[in-house]
Amino acid sequence: MAAVAEVAGIAGDIAMEYYGTNPATRTKSDGSPVSVADTTAEQAAREWIESHFPEDGIIGEELPSVRQNAARRWIIDPIDGPTLFFSRSRSGERWSRLPKGTA
């Protein structure tokens with residue numbers, strides 16, 4: 001759990017730099033918004049995971065998945081509810097690391 005807390009802290013610090021602001025945003029193919037805060041936070045998390053757990057898979061909300069069939073996978077959704085987050089409503093980040101066969 002220490003690893004999850006560390007990577008969440010890194011990505012969370014980046015996300016909080018954008019809290020209550022109006023960062024550059026685009027619309028994804030499913031019609032939902034994604035901002036530079038989302039992608040920057042996810043990229044930082046991915047870099048940390050790659051450097052500490054290079055065999056683990058990463059399934060992210062904003063960037064392409066890697067090693068989806070790995071024995072362990074990280075599921076990343078950097079900013080859940082970006083519209084609320086940027087308007088300063090409470091929102092959360094979700095992090096998990098799942099053993100193969102549980103997701």
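Annotation: the span from Tyr18 atom OH to Asp38 atom CG amounts to 10.0 Å, rounded to 0.5 Å. In this structure, Arg73 CZ and Gln68 CD are separated by 9.0 Å, a value rounded to the nearest 0.5 Å.
Residues satisfying the salt bridge (Lys or Arg N to Asp or Glu O under 4.0 Å) test with Glu17, not counting sequence neighbours, are none. Applying the side-chain hydrogen bond (donor to acceptor under 3.5 Å, both in side chains) criterion to Gln43, with sequence neighbours excluded, gives Glu47.
Between the side chain of Thr39 and the backbone N or O of Val36, at least one donor-acceptor pair lies under 3.5 Å. Checking side-chain atoms of Arg67 against main-chain N and O of Pro54 turns up a donor-acceptor pair under 3.5 Å.
Exactly one residue among Ile14, Leu63, Val34 makes a side chain to side chain contact (heavy atoms under 4.5 Å, CB included) with Glu42. That residue is Leu63.
The two residues Ala70 and Gly57 have their closest heavy-atom pair at CB-N, 3.3 Å. The shortest heavy-atom contact between Ile58 and Ile76 is CG2-CD1, 3.6 Å.
The aromatic rings of Trp74 and Phe53 sit tilted relative to each other, their planes meeting at an angle between 30° and 60°.
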| task | Could you give me the CA-CA distance, side-chain angles and deciding distance for Glu62 and Arg46, then say whether salt bridge (charged side-chain N to carboxylate O under 4.0 Å, His left out) is met? | result | CA-CA 11 Å; Glu62 312 308 343; Arg46 286 168 172 267; over 6 Å; no

